[in-house]
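What follows is a single structure, written as structure tokens, with notes after it.
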Amino acid sequence: MYPLWINVVGFQAGWWACILGAAGELEIPSIAFAFGLAITHLRWSATPRADLQLAAIGLLIGVVVDTLLQYFSAIAFYGWALGPLSPFWLWALWVLFSLTLNASLAFLKNLHWGVSALVGCVFGPLTYHAGVQLGAASMQTWTTSMLCIALAWMVVLPLMVYLAQNKFHTTRGDA
């Protein structure tokens with residue numbers, strides 16, 4: 001097991017790499033870096049099976065959420081994508097985010113689900129806004145877009161925390 005601060009730093013490094021990679025047309029190296037971080041996490045995790053399962057379901061949820069946000073014009077993501085789906089760099093971010101839920105964000109599992117909803121409602125849109133400001137996406141109408149993203153994350157974060165706590169929880173010896 002590795003210290004939680006490494007999970008925090010790894011997620012942040014992956015986030016910056018993917019956002020700047022999408023903005024600077026360096027997506028493939030940024031995606032490779034993010035998945036390298038994910039593999040490293042799984043290698044050092046005390047519960048790699050639970051983390052991998054949570055990352056897989058988080059990836060699925062993320063693709064659906066971001067594709068719907070894009071479909072309904074809440075946000076337009078830049079980058080390489082498979083048809084109308086969200087870009088691959090976002091897929092990498094969803095995997096990395098999912099890997100924080102049993103590590104650096106595990107404290108959310110001990111709080112009321114309403115706290116996760118509030119955290120998602122506030123910080124979800126802020127990260128998307130930061131991505132727009134850094135050139136990885138665009139929004140046509142800021143207020144409507146931020147409201148849609150806030151509502152999405154008000155549901156997504158408690159759902160992901162619930163899954164981490166009840167379905168893909170950490171138990172020793174799941175490797």
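Starting from 1, each residue takes its place in the sequence as its number. Heavy atoms only: backbone and side chains are in, while hydrogens, waters and symmetry mates are out.
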Closest contact, heavy atoms only, [X] versus [Y]:
X    : Y    : result
L93  : F11  : O-CE1, 4.1 Å
G21  : S30  : CA-OG, 3.9 Å
A152 : V65  : CB-CG1, 4.2 Å
H41  : A103 : CE1-CB, 4.2 Å
F77  : Q70  : N-OE1, 2.9 Å
P87  : Y78  : CG-O, 3.6 Å

Donor-acceptor under 3.5 Å ([X] side chain, [Y] main chain):
X    : Y    : value
T141 : T143 : no
N7   : S104 : yes
S145 : W142 : no

Checklist entry - Given D66 and W91, is the side-chain hydrogen bond (donor to acceptor under 3.5 Å, both in side chains) satisfied, shown in steps? => result CA-CA 9 Å; D66 286 338; W91 298 17; over 6 Å; no

Within this structure, what is the [atom1]-[atom2] distance for the pair [X] and [Y], rounded to the nearest 0.5 Å?
X    : Y    : atom1 : atom2 : result
C18  : I31  : SG    : CD1   : 6.5 Å
L147 : M154 : CG    : CE    : 9.0 Å
L4   : N102 : CG    : CG    : 11.0 Å
W153 : L69  : CH2   : CG    : 10.0 Å
L134 : H129 : CG    : NE2   : 9.5 Å
L99  : D51  : CG    : CG    : 6.0 Å

Next on the checklist: With ring pair (Phe, Tyr, Trp, His ring centres under 6.0 Å) as the criterion, how do W15 and Y128 come out once you've worked through the C-alpha distance, each side chain's angles and the decisive distance to 0.1 Å?
Outcome noted: CA-CA 11 Å; W15 187 90; Y128 284 70; 9.7 Å; no

Side-chain heavy atoms nearer than 4.5 Å, only ILVMFWY residues, links allowed to pass through others: does that put [X] and [Y] together?
X    : Y    : result
L68  : L82  : no
L60  : L163 : yes
F107 : L101 : yes
V64  : I61  : no
W80  : L59  : yes

Any [X] side-chain heavy atom under 4.5 Å of [Y] side chain:
X    : Y    : answer
F97  : L105 : yes
M160 : S98  : yes
L96  : L37  : yes
F88  : I28  : no
Y162 : L157 : no
N166 : K109 : no
S116 : L111 : no
L54  : I57  : yes

Item to check | Chi angles and distances behind the side-chain contact (heavy atoms from CB on, under 4.5 Å) call for I149, M139 | outcome: CA-CA 11 Å; I149 295 166; M139 294 180 189; 3.8 Å; yes

Item to check | Working for side-chain contact (heavy atoms from CB on, under 4.5 Å), residues W44 and I6 | outcome: CA-CA 11 Å; W44 292 102; I6 293 175; over 6 Å; no

Item to check | Check against side-chain contact (heavy atoms from CB on, under 4.5 Å), V95 and F35 | outcome: CA-CA 8 Å; V95 168; F35 280 107; 3.9 Å; yes

